[in-house]
Number of protein chains: 2
Amino acid sequence: MANDNKVWNQNDAIPSLVQSKRQLERYGLDVDAQAILVATRLLAAGTKLGHASEVHFARFGLSTGRYRVLVELEDNEGEALPSQLAENLGVTRATMTGLIDTLERDGLVSRRTSAQDGRQRSVVLTEEGAKKLQAMAPEHFARLEAMVGLLSIEERGVFLDLLGRVTQGISALTDETIEPDKPAGELQRKKRSSKE
Amino acid sequence: MANDNKVWNQNDAIPSLVQSKRQLERYGLDVDAQAILVATRLLAAGTKLGHASEVHFARFGLSTGRYRVLVELEDNEGEALPSQLAENLGVTRATMTGLIDTLERDGLVSRRTSAQDGRQRSVVLTEEGAKKLQAMAPEHFARLEAMVGLLSIEERGVFLDLLGRVTQGISALTDETIEPDKPAGELQRKKRSSKE
DNA sequence: TGAATATAGTATGGCACCTAACTAATTTTG
DNA sequence: CAAAATTAGTTAGGTGCCATACTATATTCA
C-alpha cells in the first residue's frame with residue numbers, strides 16, 4: 001500500500017516531485033522529473049486561474065471574455081468590429097457573437113450596421129458599459145494587485161521574464177509535432193531571442 | 001486554405017505595460033502598473049494553458065480531467081471511489097460522474113458496486129486504460145518537458161518558487177472580501193485534518 | 001424500532017468556448 | 001455585366017466543467 005501521504009486535503013491537488021518521479025519510473029522514461037513537476041504545477045495553476053477568473057468577473061455580472069470585450073472597446077474609442085475583437089482577444093468569431101449577444105442583452109454594448117459595408121455590424125460601448133467598467137475598476141485592480149502581493153517588486157520582474165518564456169513554451173503542447181527538443185540531460189536548448 | 005483557424009497564436013493577447021498604465025490612469029487609480037501587468041499576463045497565460053492542455057489531451061482521445069482521473073487511479077492501485085477522485089482532483093462529484101461516464105464508455109475504466117456499502121460504486125482502471133497511459137506517456141512527458149525547455153535548471157527552481165506564491169495569491173480573486181496585503185510569510189498550516 | 005439525518009452517486013440545466021456549416025453582402029474575374 | 005469566390009457575421013451542435021437538486025442507501029438516536 002502506498003503510504004506516501006497523499007492526504008493533501010487542500011482544495012486542489014498540488015502535484016509533488018515524488019509523484020512525478022514515480023510516474024516517470026513507471027513508464028521507464030528518461031525525463032527530468034523537475035521539469036515535469038514545473039509543467040504539471042503550471043497546468044494546475046492554469047486550471048485554478050481560469051476558474052478564479054470566472055468567479056472574479058461573475059461578481060460584476062460578467063465573464064472573463066465579456067470583460068475583455070468591454071476593455072477592448074474602451075481602448076478603441078468605444079467602437080470596434082466583431083472580427084477585430086475576435087482577433088485581438090484570440091477567440092473565434094462565433095465565440096465573439098455569443099459574447100456580444102450577452103453584452104447587448106445586458107445593455108453594455110449595442111450593435112450598429114455599417115453604412116460602408118453592409119456585412120459589418122460594428123459594436124459600440126454604451127454609456128452603461130463604460131459606467132460598468134468605471135464602477136468595477138477599483139475592486140478589480142485591487143484584487144489583481146493582491147494576487148501578486150506575495151512577490152516583491154524584483155521578484156515580479158523575474159517572474160514576468162520566466163512566465164514569458166514559459167508562455168512561449170506552451171505551444172509545445174499544441175504543436176503538430178514534438179519539438180526536436182533534446183532528450184533529458186542535454187543542455188542545448190536554444191534561446192530563441194524574441195525581440196520585445 | 002483557411003488558416004483563419006488556430007487563432008491562439010499569442011498575437012495581441014499579450015497585454016503590455018502601456019495598456020496597464022493607461023487603464024489605471026483612466027480610472028484614476030493608484031495601483032502599481034507592473035503588478036497589474038504581471039497579473040494580467042498571468043490570467044492570459046492561464047487561459048492559454050487551459051486551452052493548450054485540452055488540445056494536448058484531445059490528441060489521445062482524452063480531456064485534461066479524464067487524464068487526471070486515469071493517473072489518480074493508477075496511483076491508487078487501479079481502484080478508487082468517485083468521491084475520493086473528486087476530492088483529490090478538486091472537482092465536484094457531479095463533474096466526476098461525467099468524467100467517469102465518458103471513460104467507461106471508452107472502456108478505460110469500469111464501475112463496480114461495493115459489497116460493503118450499497119451506495120458506493122468504485123471505479124476500476126481497466127487494462128485498456130492502463131495501456132492508454134502507457135502508450136501516451138512518452139509523447140506526453142516529452143511535450144511537458146519541452147514546455148519548460150526555455151528555462152534553465154536554475155530558472156525552473158526559481159519559477160517553481162514564484163509560481164507557488166502566485167498560486168496562493170490566486171485566492172485574492174475569489175475571496176469574499178479584499179484583503180489589504182498579505183504578509184510574505186509562508187506560514188501555511190500543514191496539519192492534516194483528514195479526520196472529520 | 002422508526003423517523004430524522006447524513007452520505008454516495010447521479011440527473012438536470014447552465015456557461016464558456018469551440019468547429020463546421022450557413023446567410024447575406026461584397027469583390028473578383030471571365 | 002453575371003457567375004464565382006471571398007468576407008462578415010450568425011446559427012447549430014459539441015465538449016468541459018460547474019451548481020443545484022434529486023434518489024437510494026446507510027447511520028444516528030429518541
Side-chain angles (χ1 to χ4, degrees), chain A residues 11-12 43 46-58 61-69 80-87 89-106 111-123 174, chain B residues 1-8 13 43 46-59 61-69 80-87 89-106 109 111-123 174 196:
Chain A
N11 42 9
D12 278 342
L43 287 178
T47 300
K48 193 175 175 184
L49 259 175
H51 185 238
S53 181
E54 293 304 333
V55 169
H56 170 65
F57 287 113
L62 294 175
S63 69
T64 305
R66 295 204 297 277
Y67 172 77
R68 293 182 65 205
V69 170
L81 297 174
S83 48
Q84 276 179 1
L85 294 169
E87 167 90 9
L89 267 60
V91 302
T92 63
R93 294 196 301 277
T95 296
M96 188 51 60
T97 295
L99 295 176
I100 296 171
D101 280 347
T102 305
L103 287 171
E104 187 176 38
R105 181 193 40 125
D106 293 347
R111 279 190 246 236
R112 173 162 76 187
T113 57
S114 165
Q116 281 87 7
D117 192 326
R119 293 169 300 183
Q120 298 180 342
R121 304 189 64 196
S122 77
V123 182
T174 56
Chain B
M1 33 201 84
N3 61 352
D4 200 3
N5 297 343
K6 300 173 170 55
V7 279
W8 52 88
L43 287 177
T47 300
K48 191 176 174 182
L49 260 175
H51 187 229
S53 181
E54 293 305 332
V55 170
H56 170 66
F57 287 113
R59 215 179 272 115
L62 294 175
S63 69
T64 305
R66 295 203 298 276
Y67 172 77
R68 294 182 63 203
V69 170
L81 297 175
S83 49
Q84 275 179 1
L85 294 168
E87 166 93 7
L89 267 60
V91 302
T92 62
R93 293 197 306 275
T95 296
M96 187 51 60
T97 295
L99 295 176
I100 296 169
D101 281 347
T102 306
L103 287 171
E104 186 177 38
R105 183 195 38 134
D106 294 347
V109 308
R111 278 190 248 235
R112 173 162 77 186
T113 58
S114 166
Q116 278 85 8
D117 192 327
R119 294 169 299 182
Q120 298 180 344
R121 303 190 62 195
S122 77
V123 182
T174 55
E196 303 81 11

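Chain A is the first sequence line, chain B the second, and so forth, proteins listed ahead of strands; every chain is numbered from 1.
Within a 6.0 Å sphere centred on CZ of B:R59, heavy atoms belonging to other residues, nucleotides or ligands number more than 12.
With hydrogens and angles ignored, no donor-acceptor pair under 3.5 angstrom links the side chain of A:R121 to the base of D:dG9.
With C:dC18, D:dT25, C:dA11 as the candidates, the nucleotide lying closest to the side chain of B:D117 is D:dT25. Which of C:dG9, D:dT10, C:dA16 sits closest to the side chain of A:R66 comes down to C:dA16. In the set C:dA8, D:dT10, D:dA19, the nucleotide with an atom closest to the side chain of B:A94 is D:dA19. Comparing atom distances between the A:E54 side chain and each of D:dG9, C:dA16, D:dT10 picks out C:dA16 as nearest. Side-chain proximity of A:S83 to C:dT10, D:dG9, D:dC17: nearest is D:dG9.
Among the atoms of the strands shown, base atoms are found under 4.0 Å from some heavy atom of B:T95.
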Polar atoms only, N or O, under 3.5 Å: list the protein pairs with nucleotides 4-7 of chain C and their distances.
unit_1: C:dT7; atom_1: O2; unit_2: B:R119; atom_2: NH1; d: 2.9

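Remark: P of D:dA8 and CG of A:L85 are 13 Å apart, rounded to the nearest angstrom.
Atom-to-atom distance recorded for A:E87:CD and A:L81:CG is 12.0 Å, nearest 0.5 angstrom.
Summary of the strand contacts: A:G118 and A:G65 both lie near DNA chain C, and taking for each the nucleotide with the nearest heavy atom, the more 5' one is attributed to A:G65.
With the 3.5 Å cutoff on both pairing distances, Watson-Crick and G-U pairs in DNA chain D assemble into runs of at least 3 at C:1-30 with D:1-30.
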